[in-house]
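So the structure is just underneath, and the comments pick up after that.
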Amino acid sequence: MHTRSIPVTPVQGTRSLFVLRALCFIALFAVLAGAQAVEQRQLDQGWEFRQISAGAGDEDPAGIGSAWRPASMPGTVHTDLLAHGLIPDPYVGAPEAGLQWIGLADWEYRTTFQVSGRMRRAARSELAFEGLDTFAEVFLNDEKVLDANNAFRTWRIPVQGRLREGANELRVVLRSPIRRLLPGVQAMPHRIAGNYPSPYGDEPKDAMTANFARKPGYHYGWDWGPRYVTAGIWRAVRLTSWDRARVQDLQVRQDHVAGDVAELTAIPTVDVARPGRYRVRVWQTSPDGRRTLASERELELSPGIGRVPLSFRIRHPQRWYPVGYGAQPLYAFAAELAQDGKIIDTRSVRTGLRSVELRRERDATGRSFAFVVNGIPVFAKGANAIPFDMFPSRVTPAQLRRVLQSAVDANMNMVRSWGGGYYESDAFYDIADELGLLVWQDFMFGGGMQPAYDPGFRANVIAEAQDQVRRLRNHPSIVLWCGNNEEEIAWKYWGHGKALKDADPAFAARVWDGYVQLFDRDLRRVVAEEAGGIAYWPSSPSDDMAEAANTPASGDMHYWEVWGNPARPPSAYLDVTPRFMSEYGLQAWPVRRTIDRVIGRDEQRIDSPLVEAHQKFLAGKGNERLLHYIRMEFGEPRDFDDFVYLSQVMQAEGIGLAARHHRASRPHTMGSLYWQLNDVWPGASWSGIDWFGRWKALQFHARRFFAPVAVSALRKDGRTTVSAVSDRTVPRRGEWRLRVMDLRGRVLRDERKAIEVAPLSSMRLAAYDDADLLAGADPARTVAVFDLSVEGEPPSRQVVYFTEARNIAWPASALRAELHADRRGAKLELTADAVARAVWIDFGEFDAEPADNALTLLPGERVALRVSSDAAPDALRQALRITTLADALSEPSSSRSTATP
Ligand code: BMA
């Protein structure tokens with residue numbers, strides 16, 4: 001047997017297996033004559049589940065016993081219990097307290113699968129679990145083959161020699177993560193910071209276990225979602241067998257990408273069972289479908305796992321751009337492994353070719369923070385994405401696409417995939433690649449502190465990071481890997497660090513050293529080694545481990561003095577000019593139709609227990625904060641409907657103010673990601689899109705304030721500063737216009753100026769004092785309107801008010817609505833005879849989407865909006881309800897405007 005081998009680059013952590021495996025394989029070599037290609041099977045059929053220990057005191061609160069029942073795969077305990085009608089819908093009403101026993105119980109899943117003689121005899125067989133949540137013991141034919149402790153790792157188990165021809169049984173025992181970790185946490189003389197304590201008694205408030213588990217943090221409850229400490233086999237299970245070698249992974253590293261050439265290295269990771277001479281080919285399929293051989297290599301491979309780099313070039317590559325800057329052409333690359341002229345395995349990936357840099361230049365104020373893609377500094381516009389459901393296995397690609405498409409439709413170009421959830425599915429990043437949506441990717445650390453002083457914990461995280469970076473590194477959409485969410489500022493400024501230093505300085509030093517080791521060294525190294533040149537950032541917000549974090553001078557910022565304590569007014573957003581604002585937010589309730597699905601109409605009061613159950617901020621009391629903001633600008637809402645409507649107006653206008661300020665502050669500021677894009681369930685939150693995918697007013701406003709070319713008119717302390725902002729890469733000619741008018745449309749001032757809007761810039765156009773704009777007019781009856789019309793762009797407008805909405809003398813009956821049927825469906829025409837602010841169009845129970853919503857119309861203006869719906873125009877006309885700010889702020893509980901047929 002010829003064993004001289006060309007060394008391949010070993011994959012970290014796998015070299016030690018080489019020798020052992022080599023010995024096994026030599027023994028098996030005799031049976032390998034006639035070896036076949038790689039065989040792979042999904043083990044997603046025939047699964048059953050049962051409870052194997054009830055909760056505290058071994059009671060069985062749901063009376064479900066320990067019978068086996070069919071389970072879905074992948075899945076979670078909660079969704080399986082729900083499918084059998086054993087628990088109520090965890091989203092409807094307030095069942096949360098009664099469902100906490102699930103997180104204290106142990107669960108078992110099993111299935112049987114058939115194995116052919118050929119598979120049983122294969123030199124190598126691997127059982128792979130892509131997601132085990134979390135403390136799992138895996139048994140194959142009653143033999144324990146794995147003890148897992150990390151929901152984010154891919155667990156690969158060699159099972160050759162353990163399979164039987166015919167039926168095999170796979171069993172997975174899932175231990176309660178709370179029970180597993182609680183004794184250790186309780187034994188600690190001093191605790192480290194967690195996140196949200198359980199209000200339900202399933203875990204002591206002073207001994208939170210979540211940060212000790214490598215499990216989605218939000219399962220333990222967050223300020224926008226319930227507490228459901230679930231368990232399950234939440235991603236695919238696969239059995240793979242091979243006799244010679246297989247391609248386990250394929251990285252396409254982009255060493256240099258420019259307009260004239262892309263220099264790439266395809267790096268297949270091969271898992272070799274039988275040493276020998278192999279041919280590795282890399283095929284390239286260009287975006288127009290042409291398939292060519294990019295590179296090939298013949299080499300001796302020895303048993304074990306290693307990498308085979310193959311470099312090649314593409315002349316004049318079709319480059320991938322973020323949405324708004326160009327197209328998203330995608331190349332496919334396939335690594336093919338052949339021996340003796342026969343193909344034995346192939347692995348394909350898809351990627352887009354682009355250069356990406358996190359630019360950090362020193363300047364007079366500090367250091368910049370800007371993403372530069374294909375040489376273009378991109379102002380990042382977008383929001384923070386949280387998990388799309390409490391139970392990730394039931395999130396569909398359609399659900400992801402709907403929300404990510406909504407992000408792009410609202411002119412966003414970036415989402416931050418936040419660290420308290422889980423690394424999103426492949427579908428999420430595939431969609432982002434297709435849409436040109438950049439992704440800021442956090443590692444899964446959502447807040448507080450974790451036992452990074454424990455080398456075992458760190459090793460577990462390093463393995464997780466390697467798995468996830470390897471899985472995701474071919475996605476052109478991912479432009480940053482970030483260590484964690486808010487852990488550095490929590491330690492430095494929120495008292496966690498100080499309290500621990502006071503209580504136990506030696507332990508505090510260990511905790512911080514562990515933090516530095518994990519986030520400044522370990523994860524940075526994994527990203528440097530594995531992510532193909534993508535930047536690493538240790539925490540959001542941070543200044544890359546500089547002494548001061550969360551400053552406007554350098555690094556990224558989270559700004560929560562608006563909404564959070566001390567609950568400053570939204571105008572305070574104008575006082576902070578960051579380099580990159582990665583979080584800021586205001587809450588709102590979703591539309592009534594969404595609320596109706598989970599809270600009965602008779603329970604819909606601001607302070608009802610069911611409403612509070614769906615308001616997680618301040619443990620249910622968050623509506624007080626919402627009222628604080630609503631009262632500040634709009635006064636007291638008359639009823640729940642008004643409360644919901646006003647919450648959305650407040651949120652949309654407040655976030656719009658901040659976003660326009662950030663954009664106007666370019667190039668000092670180069671990003672604005674508000675908190676938050678989407679929802680985990682139907683409830684009150686900072687999102688612009690609710691759990692059903694429905695848009696709040698914010699999302700419609702985002703489409704306007706994030707438009708590629710937009711006007712920004714920011715009024716503060718009686719002075720309005722006007723800018724034109726542009727994300728276009730070429731200058732654009734246009735005109736801007738200022739009008740001052742009364743609420744009925746009498747024009748007091750009207751000026752126009754031609755401009756050329758410079759590319760990739762913010763241009764200061766003018767600044768006015770109130771006295772100048774009003775010229776003696778009544779601030780309660782006057783508005784200033786700033787319009788920007790630029791060739792090839794939708795018009796951009798901002799209306800400036802001179803006093804709080806509650807003090808404005810709103811004229812009644814400002815709006816007429818007509819709904820017409822035509823061949824394409826329904827068209828809604830709105831005509832205003834006075835300023836109609838914050839017009840909200842609603843079709844009650846019907847799925848009907850107007851082309852725009854949350855609009856402000858000027859006197860005499862008429863807009864026509866297409867309404868997409870399957871419902872008949874007559875039914876839509878009946879259901880149509882339109883609210884304006886004047887309706888909601890009029891004294892008596894008003895009759896709202898309705899459509900005239
Ligand atoms: C931010 C986030 C989340 C939280 C949000 C709203 O700081 O990182 O932890 O949900 O605030 O409070």
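Heavy atoms only: backbone and side chains are in, while hydrogens, waters and symmetry mates are out. Both counts, for ligands and for their atoms, begin at 1 and track the order of listing.
When only interatomic distances are considered, the shortest N/O to N/O separation between His558 and ligand 1 does not fall below 3.5 Å. Inclusion of Tyr196 in the set of residues having an N or O under 3.5 Å from an N or O of ligand 1 is not warranted.
Between Arg524 and Asp544, at least one side-chain nitrogen of the basic residue sits less than 4.0 Å from a carboxylate oxygen of the acidic one, meeting the salt-bridge criterion. At a threshold of 4.0 Å, the pair Arg568-Asp575 does not count as salt-bridged, since none of the basic side-chain nitrogens sits closer than that to a carboxylate oxygen.
Relative to the six-membered ring of Phe580, Arg416 misses at least one condition, a distance below 6.0 Å or an angle of at most 45° to the axis.
Interface atoms of ligand 1 facing Trp686, defined by a heavy-atom separation under 4.0 Å, are 6 (C), 12 (O). Close contacts of ligand 1 with Glu583, meaning ligand atoms under 4.0 Å from a residue heavy atom, involve 1 (C), 2 (C), 7 (O), 8 (O), 11 (O). Of all atoms in ligand 1, listed by their number and element, those nearer than 4.0 Å to a heavy atom of Trp222 are 3 (C), 4 (C), 9 (O), 10 (O). Atoms of ligand 1 lying under 4.0 Å from at least one heavy atom of Glu486, given by number and element, are 1 (C), 7 (O), 8 (O). Near Asn485, with a cut-off below 4.0 Å to any heavy atom, the atoms of ligand 1 are 8 (O), 9 (O).
Counting heavy atoms closer than 4.0 Å to ligand 1, residue Trp675 contributes side-chain atoms (C-beta onward) but none from N, CA, C or O.
The shortest separation from a heavy atom of Trp418 to ligand 1 is under 4.0 Å, placing the residue in contact.
Across Arg214, Arg153, Arg471, Arg458, a single residue satisfies salt bridge (Lys or Arg N to Asp or Glu O under 4.0 Å) together with Glu464, and that is Arg214. Only one option out of Lys696, Gln587, Gln651, Gln699 pairs with Ser687 in a side-chain hydrogen bond (donor to acceptor under 3.5 Å, both in side chains); it is Lys696.
For atom 6 (C) of ligand 1, the closest non-hydrogen atom of the protein is Asp223 OD2, 3.2 Å. Looking only at protein heavy atoms, the nearest one to atom 11 (O) of ligand 1 is Trp560 CZ2, 3.4 Å.
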Verdict with reasoning, His78 to Tyr228, per ring pair (Phe, Tyr, Trp, His ring centres under 6.0 Å): CA-CA 8 Å; His78 285 77; Tyr228 289 124; 5.4 Å; yes
Test log, rule side chain to side chain donor-acceptor pair (under 3.5 Å), inputs Tyr220 and Asn211: CA-CA 10 Å; Tyr220 296 81; Asn211 285 18; over 6 Å; no
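Summarising the local packing, NZ of Lys621 is surrounded by 12 or fewer heavy atoms from other residues, nucleotides or ligands at distances under 6.0 Å.
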